[in-house]
Protein chains: 2
Amino acid sequence: MDQNKIPQATAKRLPLYYRFLNNLNQQGKKRVSSKELSEAVKVDSATIRRDFSYFGALGKKGYGYNVEYLLGFFRSTLDQHEITEVALIGVGNLGTAFLNYNFMKNNNIRITKAFDADPEKVGKEIRDIPVYHIDDLEKLANIKVAILTLPADEADAIANKLVENGITGILNFTPARITVPKSIRVHHIDLAVELQALVYFLKHYSLEK
Amino acid sequence: MDQNKIPQATAKRLPLYYRFLNNLNQQGKKRVSSKELSEAVKVDSATIRRDFSYFGALGKKGYGYNVEYLLGFFRSTLDQHEITEVALIGVGNLGTAFLNYNFMKNNNIRITKAFDADPEKVGKEIRDIPVYHIDDLEKLANIKVAILTLPADEADAIANKLVENGITGILNFTPARITVPKSIRVHHIDLAVELQALVYFLKHYSLEK
DNA sequence: CTCAGATTGTGAAAAATATCACGACTTATT
DNA sequence: AATAAGTCGTGATATTTTTCACAATCTGAG
Ligand SMILES: NC(=O)c1ccc[n+]([C@@H]2O[C@H](COP(=O)([O-])OP(=O)(O)OC[C@H]3O[C@@H](n4cnc5c(N)ncnc54)[C@H](O)[C@@H]3O)[C@@H](O)[C@H]2O)c1
Ligand SMILES: NC(=O)c1ccc[n+]([C@@H]2O[C@H](COP(=O)([O-])OP(=O)(O)OC[C@H]3O[C@@H](n4cnc5c(N)ncnc54)[C@H](O)[C@@H]3O)[C@@H](O)[C@H]2O)c1
C-alpha cells in the first residue's frame with residue numbers, strides 16, 4: 001500500500017510519540033528536543049530522530065521539533081483526524097473492563113459494537129455500546145478491527161467468522177494462536193506469557209545489562 | 001546472574017513453548033517436532049530449534065523432542081515447580097478483571113495480594129485475594145513482582161514506593177512511562193498503543209509482506 | 001553581526017534477531 | 001541389513017533494529 005514502508009519497530013512507537021506530543025501541546029509547550037522526548041517515552045534519542053527521519057526532516061537543527069507541527073503530522077499519519085471504529089468480541093471480565101474504560105484520551109479509536117454468545121448479555125448496552133449476538137456478525141457493518149476477549153477454545157473459529165465478515169485486523173487477548181489468512185493482521189497480547197517472561201527476566205537477567 | 005544469557009527474543013517465547021508443551025502432554029502426546037510446534041505457536045521452526053539450542057541439545061535428530069522431557073526442562077527453567085506470588089496495584093476495572101481471571105492454567109504465577117487507595121475497596125476480598133491499603137506496602141512481604149492497574153498519574157510515585165518495598169519487576173498497564181532505578185525491570189502493556197499500532201499497520205502495510 | 005551552545009539528520013558500525021540449508025543422526029520399513 | 005524418510009543442531013547469511021558520532025545548521029544573547 002504505502003510504497004515507502006517504515007520499519008515495524010518504528011511504527012509501533014508512533015502512537016507513543018503521538019500521545020506524549022498531545023500532552024505537551026495541552027501543556028502549551030511549543031518546542032521539544034529528541035532528548036526531552038527520550039526521557040519521557042524512554043526511547044533512545046538517536047532512535048527517535050531516526051524514527052522521525054523516515055518521514056522526512058520534521059525538525060530544525062539547533063532548535064528541535066515544533067510541537068504543534070509534529071502533532072499535526074502524527075495526527076494525520078495515525079489517522080487520528082477521524083474516528084476508527086472497533087468491535088469487541090466476548091463481553092466477559094476482560095471485555096467489560098475494556099468497554100467501561102474511557103479508552104480514548106488523546107485517541108480517536110472507539111469500541112462501538114460488542115458481540116457475545118450469552119443471551120443474558122445480548123441486547124444490553126454497556127456505556128452506550130450495544131451488545132449483539134455473535135451470530136449477527138453482519139452488524140459489524142464497516143468495522144475492520146476486532147478485539148478478541150472470549151474463551152480461548154472459541155477464538156479460532158470466531159476469528160475466521162470475523163474475517164468472513166470483513167475484519168482485517170485482530171487484537172487477540174486469548175492464549176490461543178489463531179490461524180487466519182495471511183492478509184489478516186493479528187497482534188497478540190498474552191498476559192500470562194508477559195508475566196512469565198517478566199519473572200524469567202528477573203531470575204536470569206538481574207542487575208547488569 | 002546467569003552467565004550464559006539467552007537472547008531476550010528467545011526468553012519472551014519460552015512461556016509460549018511451555019504452555020503448548022503442557023497442552024501436548026495433557027493430550028498424552030509423547031513426541032513433537034519443531035515443525036509441529038511451529039504451526040501451533042506460529043514461530044518459524046528454525047527459530048524454535050535455535051531457541052532450544054541455547055539450552056543445549058534437547059532433541060534427537062530424526063526424532064524430534066520428547067514432550068515430557070522438554071516440558072520438565074522448561075518447567076524448571078521457568079520456575080514453574082513453585083508458585084511465584086505477584087501483587088496487583090489498583091483494583092479498578094482492569095485490576096478486578098485480572099483478579100477474577102483464573103490466571104493460572106498451566107501456570108504457577110498467582111496474584112496473592114492486591115492494594116488500592118479507595119477505602120471502599122480496602123479490606124474486601126476478591127476471589128480470596130485480600131485488598132490492602134496502598135499505604136500498607138509492608139504487606140508485600142516477599143513479593144517481587146507487581147502489576148500496575150491504577151490511574152496513570154499515580155503510576156510513577158507508586159512504582160517508586162513499590163521499589164522501596166522490595167519489588168523488582170513491574171508489569172505496567174498504565175499509559176505512564178515510569179522512572180525507576182535501572183536495576184528494576186519494567187514491561188509495558190499499553191492497550192491504546194497496541195490498538196493504534198494495529199490500525200496503522202492495517203492502513204499502511206496491507207497485503208504483501 | 002558574531003559567536004557559543006544546542007540539536008538535527010544521517011552515514012557507518014554494531015548488535016540483535018531471523019532464516020537458510022545441509023551434514024549428521026534416528027527411526028521405521030522392507 | 002540396507003534404504004528411505006524425517007528431523008535436529010548449527011555454520012553461514014540475511015534482515016532488522018539500535019546506537020555512535022559528527023558535520024550542518026539554527027537560535028539567542030550580547
Ligand atoms: N480476564 C483476564 O484477566 C484475562 C487475562 C488474560 C487472558 N485472558 C483471556 O481473555 C479471554 C477472556 O477472558 P475473561 O476473563 O473475560 O473470560 P470470561 O469468561 O469472563 O468472558 C468470556 C466471554 O465470552 C463470551 N463468549 C463465549 N463464547 C463466545 C462466542 N462463541 N462468541 C462470543 N462470545 C462468547 C462469554 O459469554 C463471556 O461473556 C480468555 O481467553 C482469557 O484466557 C483474560
Ligand atoms: N480498563 C481498561 O480497559 C484499560 C485499558 C488500557 C489501559 N488502562 C489503564 O489501566 C489503569 C487502570 O484502569 P482502570 O480502568 O482499571 O481504572 P479504574 O479507575 O477503574 O481503577 C483504578 C483503581 O486504582 C485505584 N487507585 C487510585 N489511586 C491509587 C493509588 N494511589 N494507589 C492504589 N490504588 C489507587 C482506584 O481506587 C481504582 O480502584 C489506568 O491507568 C488505565 O489508563 C485501562
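Chain A is the first sequence line, chain B the second, and so forth, proteins listed ahead of strands; every chain is numbered from 1.
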Rounded to whole Å, CZ of A/R13 lies from P of D/dT19 at a distance of 9 Å
(request) Using the ring of A/Y18 (Phe, Tyr or Trp, six-membered ring only), decide whether A/R75 places NZ or CZ under 6.0 Å from its centre and within 45 degrees of its axis. (result) no
From CG of B/D51 across to P of C/dA16 the rounded distance in Å is 16 Å
Quick one: label B/S34 by what it contacts on the DNA or RNA (base, sugar-phosphate, nothing), any heavy atom closer than 4.0 Å. sugar-phosphate
inquiry  = Just to be sure I understand the rule, does B/T10 reach a base, reach only the sugar-phosphate, or reach nothing, if contact means heavy atoms closer than 4.0 Å?
reply    = nothing
Rounded to whole Å, CD1 of A/I48 lies from P of D/dT18 at a distance of 11 Å
* Classify the side chain of B/R49 versus the base of D/dT7 as yes if they form a donor-acceptor pair under 3.5 Å and no if they do not. => no
Note to self: Within the 4.0 Å heavy-atom criterion, would you say A/F52 contacts the bases, only the backbone, or no part of the nucleic acid?
What the structure shows: nothing
Heavy-atom nearest nucleotide on DNA chain C taken for A/S53 and for A/G64; more 5' hit belongs to A/G64
Assert: residue with more 5' nearest nucleotide on DNA chain D, out of A/D44 and A/R31, is A/D44
**Message:** Let's go through A/Y17 and A/F73 carefully: what are the C-alpha distance in whole Å and the side-chain angles of both, what is the deciding distance for ring-ring contact (aromatic ring centres under 6.0 Å, His included) to 0.1 Å, and is it a yes or a no?
**Reply:** CA-CA 11 Å; A/Y17 300 144; A/F73 180 81; over 10 Å; no
Whole-Å distance, B/Y63 OH to D/dC8 C1', equals 13 Å
